A.B. asks: 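I'd like to ask some things about the structure below.
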Number of protein chains: 2
Amino acid sequence: MSKLAAQPLYRQVLREVMAAIEAGEWDEDESLPSETDLAKRFGVSQGTVRKALDALVADAVLYRRQGVGTFVAGTSDFLLRGLFTTPAGADGVKPSVELLSCVKIHAGEQLAEILGLRRAAALWQVRRLLRVGGQVIGLEEMLLPEANFPSLEMRRIRELKGNLRELCWRDFGVRLKDGQVRYRAVLAGQTEARLLMTDVNEPLLQLVRLAVDFEGRPQVWSVAWLRTEELAFEPPVLSPQV
Amino acid sequence: MSKLAAQPLYRQVLREVMAAIEAGEWDEDESLPSETDLAKRFGVSQGTVRKALDALVADAVLYRRQGVGTFVAGTSDFLLRGLFTTPAGADGVKPSVELLSCVKIHAGEQLAEILGLRRAAALWQVRRLLRVGGQVIGLEEMLLPEANFPSLEMRRIRELKGNLRELCWRDFGVRLKDGQVRYRAVLAGQTEARLLMTDVNEPLLQLVRLAVDFEGRPQVWSVAWLRTEELAFEPPVLSPQV
DNA sequence: AAGTGGTCTAGACCACGGA
DNA sequence: CCGTGGTCTAGACCACTTC
């Protein structure tokens, strides 16, 4: 591996590993070669491989089991990874997702700027419903540039049980990770109330997030409205205690 | 430094560094000795010191400036560190804090369990108001075990401009960091509406958090109610891209 | 016992920022 | 220029899991 590049070595190793994952060299939950073997393969030391893997573990691309190996992590959806816990605490429950609609729209000024597109650029607008045990608790609207995700078929989304993050990965090779997240409290309007099967003016937790790819480029904009009467939202903890 | 301890070496170094900070060896925004000097002092290698400092940087105890040094970070309050941004994005604004009240109460069953105390244990209940440019946008109630923070004087809190986290640090040597955080959307009740100088039934972002010390022990329980009509809440990002 | 992640060293060099 | 953080190596040993 060349030392001439502008990036540090472990960054290059990281990209090589990502490329290998993209190429399907190791399946989900399949173990990678050991750190020492990867070191030989890339012509670097074990410490450098480790630093690269550290970063991928922090981004939940990989996970490790001491004494066993390093494994490729699944791509659960962002909302599926956040825990929904009762206000008192304990028993986090994971929701399931149902696809509502998937249509093509134009970006408009604000979204174009956020996603770095032209104003007339085409976007997929995907609406999904979140359920916990049959109960509807959330509505999410995602916006994806058509240029990066050319053919989003509803059938395909349904096949993956509504998991758009997995679809972006499997069909378009884009591994998304969280960028910024913003929280607000809003009142349900008529549209939200109807889709969430609740009342107008119910308080909803609004979650606005920008997902980026592994080069940090903005990729997906999303807004979610969550009912939190019975279940509070708890964001996933990446890289817990060091 | 002994190799016999159950903990890895870099953990011991981390504790030594924390102890030195607690002892006031280096002031806020003052630079620590270089990594190589610290390595000599603790009798370990530079790489080990670095790993310890990495963890403290991730927890925002220290910050680094390449080519310059490693510095002790300030202890801004949790809410002061979260950004308040306009829904459209950009211009994050930091709020100031005003102390409302500070009284002693009994823990009760739930809080006792969360904080690992007896049910009759005494707690300080501190209420604070958050302002952005004169406008009241938040109300926070914190609960601190009296055993750990024996004398919480209102005067002292005011001296530190309402920054309870700094007080816990300066007066009691407890450096707090975020544990779990949970989000909900609720409607303002009469009490909240009065204190926030707004209307009943305004949607409020409710933020429930548990702060822990550096050994991971629960220390402070807090609930905040935030108005997010004009400003969204954006949690602080620790350890961004690796 | 063998193989994995996890830690640690001693020494080296690079990239950056301030004098 | 020097001193700082930031990276990297080759080799070693430990702790854990599995066989």
Side-chain angles (χ1 to χ4, degrees), chain A residues 1-17 20-21 26-27 29-73 239-242, chain B residues 1-17 20-21 26-27 29-73 239-242:
Chain A
M1 201 149 289
S2 82
K3 274 190 184 172
L4 301 173
Q7 289 199 323
L9 248 189
Y10 75 88
R11 265 277 155 200
Q12 300 179 50
V13 172
L14 188 156
R15 296 176 68 137
E16 294 275 351
V17 173
I21 296 175
W26 314 297
D27 283 336
D29 295 316
E30 188 183 334
S31 82
L32 275 59
S34 72
E35 294 179 352
T36 26
D37 284 351
L38 285 175
K40 282 176 210 155
R41 165 165 163 182
F42 295 126
V44 300
S45 73
Q46 177 259 351
T48 302
V49 167
R50 177 152 251 276
K51 190 155 188 183
L53 299 189
D54 278 345
L56 290 173
V57 168
D59 279 335
V61 175
L62 303 175
Y63 62 95
R64 284 197 266 233
R65 283 176 52 201
Q66 147 127 261
V68 185
T70 305
F71 305 82
V72 180
S239 64
Q241 35 274 16
V242 184
Chain B
M1 200 148 288
S2 81
K3 274 189 186 172
L4 301 174
Q7 290 198 322
L9 248 189
Y10 76 89
R11 267 275 156 202
Q12 299 179 51
V13 172
L14 186 156
R15 296 177 69 135
E16 293 276 351
V17 173
I21 295 175
W26 313 296
D27 283 336
D29 295 317
E30 187 183 334
S31 83
L32 275 60
S34 73
E35 295 179 351
T36 25
D37 285 350
L38 285 174
K40 282 177 210 155
R41 166 166 163 182
F42 297 125
V44 300
S45 74
Q46 177 258 351
T48 302
V49 167
R50 177 153 250 276
K51 189 155 186 181
L53 299 190
D54 279 345
L56 290 173
V57 168
D59 279 335
V61 174
L62 304 174
Y63 62 96
R64 284 196 265 234
R65 284 175 51 200
Q66 145 127 263
V68 184
T70 305
F71 305 83
V72 179
S239 66
Q241 38 273 17
V242 184

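Below, all heavy atoms of this structure are taken into account, side chains as well, without hydrogens, waters or symmetry copies. A quick note: this is a predicted structure, and the numbers were derived from the prediction, not measured. To find a chain, count down the sequence lines: A is the first, B the second, and so on, and within it residues start at 1.
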A.B. asks: Under 4.0 Å: is that the gap between some side-chain N or O of T70(B) and OP1 or OP2 of dG5(D)?
C.D. replies: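 Yes, T70(B) has a side-chain N/O under 4.0 Å of OP1/OP2 on dG5(D).
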A.B. asks: Closer than 4.0 angstrom, basic N to acidic O: yes or no for E35(B) and R64(B)?
C.D. replies: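 Looking at E35(B) and R64(B), the cut-off is met.
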A.B. asks: If I take atom CD in residue Q46(B) and atom C1' in nucleotide dT7(C), what distance separates them, rounded to the nearest angstrom?
C.D. replies: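 Result: 15 Å.
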A.B. asks: Nearest heavy-atom pair of V72(A) and D27(A): which atoms, and what distance?
C.D. replies: CB-O, 3.5 Å
A.B. asks: Could you tell me how far apart K51(B) (NZ) and dG5(C) (P) are, to the nearest whole angstrom?
C.D. replies: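 Distance check: K51(B) NZ to dG5(C) P gives 14 Å.
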A.B. asks: Between Y63(A) and D29(A), is any side-chain donor less than 3.5 angstrom from a side-chain acceptor?
C.D. replies: yes
A.B. asks: In this structure, how many angstroms lie between the P atom of dT7(D) and the CG atom of D54(A), rounded?
C.D. replies: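 Rounded to the whole Å, the gap is 12 Å.
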A.B. asks: With respect to F42(B), which candidate in T48(B), D37(B), V13(B) satisfies the side-chain contact (heavy atoms from CB on, under 4.5 Å) definition?
C.D. replies: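 That would be V13(B).
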A.B. asks: Looking at every non-hydrogen atom in both residues, tell me the closest pair between A39(B) and S45(B) and how far apart they are.
C.D. replies: CB-C, 3.7 Å
A.B. asks: Using the 3.5 Å cut-off, write out each protein N or O paired with an N or O of nucleotides 17-19 of chain D and the distance between them.
C.D. replies:
from    : atom 1 : to     : atom 2 : distance (Å)
dT18(D) : OP1    : R65(A) : NH2    : 3.0

A.B. asks: Figure out the CG/P separation between L38(B) and dG6(D), and round it to whole Å.
C.D. replies: 13 Å
A.B. asks: Consider the side chain of V44(B), meaning its heavy atoms from C-beta on, and name the nucleotide among dT9(C), dT7(C), dT7(D) that approaches it most closely.
C.D. replies: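 Given the options dT9(C), dT7(C), dT7(D), the side chain of V44(B) is closest to dT9(C).
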A.B. asks: Atom CG of L62(B) and atom P of dG6(D): how far apart are they, to the nearest Å?
C.D. replies: 12 Å
A.B. asks: For Y10(A) and dG5(D), what is the distance between atoms OH and C1' respectively, to the nearest whole Å?
C.D. replies: 13 Å
A.B. asks: When you check the phosphate oxygens OP1 and OP2 of dT9(D), does a side-chain N or O of T48(A) lie under 4.0 Å from one of them?
C.D. replies: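 Yes.
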A.B. asks: Could you tell me the separation between the NZ atom of K40(A) and the P atom of dG11(D), rounded to a whole number of Å?
C.D. replies: 12 Å
A.B. asks: Of L53(B) and V49(A), whose closest DNA chain D nucleotide lies nearer the 5' terminus?
C.D. replies: L53(B)
A.B. asks: Walk me through it: do W26(A) and V17(A) pass the test side-chain contact (heavy atoms from CB on, under 4.5 Å)?
C.D. replies: CA-CA 10 Å; W26(A) 314 297; V17(A) 173; 4.2 Å; yes
A.B. asks: Tell me the interatomic distance from R64(A), atom CZ, to dG3(C), atom P, rounded to whole angstroms.
C.D. replies: 21 Å
A.B. asks: Give the minimum heavy-atom separation between A20(B) and R41(B), together with the two atoms involved.
C.D. replies: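 That closest heavy-atom pairing would be CB-NH2, 4.1 Å.
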